[in-house]
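In each ligand, atom 1 is the first atom listed, and ligand 1 is the first ligand listed.
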Amino acid sequence: MRDEPIGELLPPARLMLTPGPSCIDPRVYRAMMAPMVGHLDPWFMEMMTDVQILLRRVFQTDNRVTYPLSASGSGGIEAAVLNPLEAGDDAIVCVNGVFSERMAVIAERTPANIIRVEAPMGRTVDPEDVRRAAKGKKLKLIGLAHGETSTSVIQRLADYRKVADEFGALLVVDTVATLAGVPFGVDRDRVDICFSGSQKAISAPPGMSPMTVNAKAEEIIRARKTKVQSWYFDMQPAMNYWGKERLYHHTPPIPLIYALREALRCVLEEGLEARWERHAINQQALIAGVEAMGLELFVQNPADRLPTVTGVRIPEGVDDHNVRTQLLDEFNIEIAGGLGPVKGKIWRVGLMGYSSQRQNILLFLAAFEKVLLDQGFRVPSGAGVGAAVQSYRQPQREEVNVGK
Ligand SMILES: *Cc1c(COP(=O)(O)O)cnc(C)c1O
């Protein structure tokens, strides 16, 4: 064993233009450094109420059961599907990418019967296919990802809500990639169980999964005949810690809750509609830029494009890894490659929360041009930045859907 001292922790100053984690507002960093208190401290228990109020406002819900689960977004999936499902239940999971498939994989570990309804990569799941798969069944739930980050696709929740109503099923929705970045409201969109992730459009550090459950789903969970197979993700004790009782279940990550509180305050100070519009306008500029550079988007139908993540096809002869490495080494910019079947085929540029800022898009497009030229892809000089500038001068407001 070598015995040199390990140096001080000095992370590089990266610009994260990935599908999470996103960059963090300095206010949120400051909140994380606030003094530690105990998780049963009366001050902390009061502060938990603030976080729940803020979460309800961001989720746009009156649901009593609304709290940050101590886990990353995947833990949110786990809790959302394990709690309602029991042996003998039928459930449908709509699979159109890696994260919605993760929901299916997790659900398949329960004793319930899980039916996958699939769509090709880059497409939405056809609600007619869901209806056909459900035919003749009494469905417990339909699960899906609002934004499928791995393919940069968004789905229209109303279509699936309609099918869920026809079959008396709960609608379980992963909003990890959409909450606080895309028009959405839990009550308005009538989602029964909904979860998100702290590190995406909310722009808090990773490690928390905001969760909300309506009265109907809560009743189903409380009426279970069998115990939830996971002790940690069992919602009933979590409901007691985050409910009136504030009964100890596990020690939550206190500094992350401080950070989440401040990040939610930032979201609401900006205003949800203003934030949705900012995400849409910045993505419009990014799209104008990459298209002007001669690149193609992965998602063909503009209505299916997820506003927080843009999938760009990697052109023939260009090396995925070299481009991303050069962006990181030369410009401190991180973008993501493809996940699963689209690995090596697409790049994913995330414009989430605090990362979605004009100066970041213009810097990225300029850096991207330099890197692509160096990697042998011909780009008309200044085309990307020029098109983005024009897009900012004249945003296509009619295309900016703020959910009104
Ligand atoms: C990122 C993401 C997840 C997983 O979140 P982790 O925090 O990485 O566990 C799940 N679903 C969607 C849609 C995501 O974008």
Considering only the protein, which heavy-atom contact is closest to atom 5 (O) of ligand 1, and what is its distance?
-> Gly73 CA, 3.4 Å
Ser74 and Arg102 side chains, donor-acceptor separation under 3.5 Å = yes
Determine, for Glu108 against Arg116, whether the closest basic-nitrogen to carboxylate-oxygen distance falls under 4.0 angstrom.
-> yes
Go through the steps for Asn214 and Asp192 under the test side chain to side chain donor-acceptor pair (under 3.5 Å), then give the verdict.
-> CA-CA 5 Å; Asn214 70 11; Asp192 297 296; 2.7 Å; yes
Just heavy atoms, cut-off under 4.0 Å: does Lys200 contact ligand 1 by side chain, backbone, both, or neither?
-> side chain
Atom 8 (O) of ligand 1 [closest protein heavy-atom partner, distance rounded to 0.1 Å] | Gln199 NE2, 4.0 Å
List the closest protein heavy-atom neighbour of atom 11 (N) of ligand 1: residue, atom name, distance to the nearest 0.1 Å.
-> Asp174 OD2, 2.6 Å
Exam field: side chain Arg313 to backbone Ile346, donor-acceptor pair closer than 3.5 Å = no
Going by the angle between their ring planes, with limits at 30° and 60°, are Tyr232 and His250 parallel, tilted or perpendicular?
-> tilted
Going by atom types only, do Glu334 and Thr18 share a side-chain donor-acceptor pair under 3.5 Å?
-> no
Check ligand 1 against Ala177 and write out every atom of the ligand that is under 4.0 Å from a heavy-atom position of the residue.
-> 15 (O)
Just which atoms of ligand 1 are under 4.0 Å from any heavy atom in Gly147?
-> 13 (C)
State whether the shortest distance between N or O atoms of Phe99 and N or O atoms of ligand 1 falls below 3.5 angstrom.
-> no
Salt bridge or not for Arg132 and Asp129, using N-O below 4.0 Å?
-> yes
How does Ser72 reach ligand 1, if at all, at less than 4.0 Å between non-hydrogen atoms: by side chain, backbone, both, or neither?
-> both
Distance to 0.1 Å, residue and atom name: give those for the protein heavy atom nearest to atom 15 (O) of ligand 1.
-> Thr149 OG1, 2.3 Å
